[in-house]
Amino acid sequence: MRNALIKKKEVMQGSIAVAEAVKSARPGVIAAYPITPQTYIIEHLATLIANGELKSRYVRADSEFSAASIVYGSVAAGERSYTASSSQGLLLMTEVIFNMAGTRLPVVITGVNRSISPPINIQNDHQDTMVLRDSGIIQLYVENIQEAVDTHIQIFKIAEDKEVLLPAMVCMDGFVISHTYEPVTIWKDEAVQEFLPPFSPVYKTDPQNPLTYGSLTDDDKVTEFKYMTNEALVKSKKKIIAVAREFQEIFGNHYGDLLQEYRTEDAEIILVAMGTVISTIKVAVDALRKNGKKVGVIKVRSYRPFPDEELRTALSKCRLAVVVDKSYSCSSGGILGSEIKACLYNQRGPSIINYIAGIGGREIFPETIKDMVVKSEKLAESGKIPDGSVFFDLNKQLLNNQLL
Amino acid sequence: MKLNIGCITEAGLSKKNRTGYWRYFFPIVDKEKCNGCGICELFCPDSCIQIKDKKCVVNGYYCKGCGICARECPRAALTMQPGGEEAE
């Protein structure tokens with residue numbers, strides 16, 4: 001049955017596979033400005049349009065701010081729209097993304113995760129997309145190329161749902177997903193189109209029926225509008241779960257509802273993280289399990305909406321949670337770690353240790369994870385749980401050589 | 001009142017959105033001094049001054065009380081004073 005839905009199954013580069021998935025969702029407008037490591041996605045989409053394989057309008061923008069503004073306008077005009085960016089490009093889009101969320105325009109964006117400058121670095125961490133966390137955008141983090149492909153198909157359906165209507169972002173690790181090759185299944189366009197009906201907007205503006213987006217509002221209503229956006233994001237949880245399960249029924253793949261748990265049933269220690277590092281952690285967990293350590297891992301698939309209740313339940317039985325963050329808020333600590341601590345405060349939950357690692361593409365090996373678990377256990381046993389977050393892979397010797 | 005999602009409304013509602021209540025000061029016209037030259041009309045950033053019968057008339061629904069008209073009037077015919085009616 002499912003074989004009938006397969007267009008091709010081959011070893012593909014992550015970016016090309018994602019572009020094929022976006023193509024099958026047939027956006028009417030694509031606008032982008034190139035930045036490493038997002039470039040191959042938009043290049044391939046431009047090629048597909050130039051070859052006539054995708055009937056869509058491709059707009060080359062003069063900056064990410066323009067690219068985001070163009071798709072803002074095209075969604076407002078009732079067209080399914082797509083853009084992608086990374087790092088500084090996402091920062092430049094930020095003002096527009098807040099507007100998309102506030103005026104409830106379901107633009108789909110691929111955030112190909114890259115470190116933020118300075119120092120200039122094109123490798124992966126999560127700082128760029130995490131900066132957008134307060135905007136109202138939906139963010140799903142993916143672990144491998146197939147998940148990136150399938151999540152792109154799902155996310156249009158989630159974003160465009162009438163009870164959601166929010167911009168949505170697939171966050172995929174730069175290079176680790178975008179530039180590597182894996183065996184990937186690409187679904188037939190007809191199968192995707194049956195799963196994903198055409199976009200039918202609630203509001204649609206055109207010269208004959210003009211609408212105002214982002215009108216002035218006084219303090220008597222602003223709180224209510226902000227509350228409505230907040231509620232839409234909270235409610236999108238249900239839609240994310242429903243769409244993931246519907247996708248599983250039709251295509252067979254499932255990557256978790258909001259979270260995905262791995263070997264957590266009897267786990268005393270649970271590692272929590274997002275993105276491709278999850279695969280590394282799973283390898284480390286398997287090895288630790290062989291040595292008799294009861295370890296598990298939780299993948300946070302949906303970071304926004306934040307799975308607070310789900311995390312409280314999933315972490316309720318372990319004694320120690322180790323959160324691995326690839327981003328941080330200066331002077332406050334790891335972002336995922338801080339939020340997990342906040343959602344477990346006043347609960348009878350585990351002790352939490354938060355490590356910041358993998359910044360600017362610094363490799364996190366299975367050995368790094370094992371080291372984290374061993375060190376965390378020692379800290380917990382000696383009652384010395386650190387209050388704040390800890391930069392795990394910090395080269396202290398290098399810091400001792402700093403000038404000034 | 002109804003709250004549309006995303007605060008999306010029909011276009012061209014500036015006139016319905018009366019902003020006169022923002023102000024503290026309002027320009028009072030001394031009709032003796034005013035000769036209807038129209039400099040105030042040109043300078044008003046909210047287009048709420050009109051010259052009618054060669055005299056300056058300020059629209060109280062929209063005037064936010066910035067005071068530019070009073071500053072620019074070459075005959076000092078406008079004086080900023082607290083209040084002013086929210087009326088045309």
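Keep in mind that the numbers below use all heavy atoms, side chains included, and drop hydrogens, waters and symmetry copies. Order of the sequence lines sets the chain letters (A, B, ...), proteins ahead of strands, with each chain counted from 1.
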Undergrad: Checking ring pair (Phe, Tyr, Trp, His ring centres under 6.0 Å) for the pair A:Tyr141/A:His126: CA distance, chi angles, key distance, verdict?
TA: CA-CA 10 Å; A:Tyr141 285 73; A:His126 290 164; 5.2 Å; yes
Undergrad: How about A:Glu163 and A:Lys238: do any of their side-chain heavy atoms sit closer than 4.5 Å?
TA: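 The answer is no, as the side chains (C-beta and beyond) never meet within the 4.5 Å cut-off.
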Undergrad: To the nearest 0.5 Å, tell me how far A:Lys226 NZ sits from B:Cys7 SG.
TA: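 Going from NZ on A:Lys226 over to SG on B:Cys7, the span is 10.0 Å.
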Undergrad: Under 4.5 Å heavy-atom distance to chain B, tell me which part of A:Asp218 shows up: side chain, backbone, both or neither.
TA: side chain
Undergrad: Heavy-atom distance under 4.5 Å to chain B: side chain of A:Thr229, backbone, both or neither?
TA: neither
Undergrad: Under 4.5 Å heavy-atom distance to chain B, tell me which part of A:Leu165 shows up: side chain, backbone, both or neither.
TA: side chain
Undergrad: Could you check whether A:Glu246 pairs with A:Lys157 (Lys NZ or Arg NE/NH1/NH2 to Asp/Glu carboxylate O, under 4.0 Å)?
TA: yes
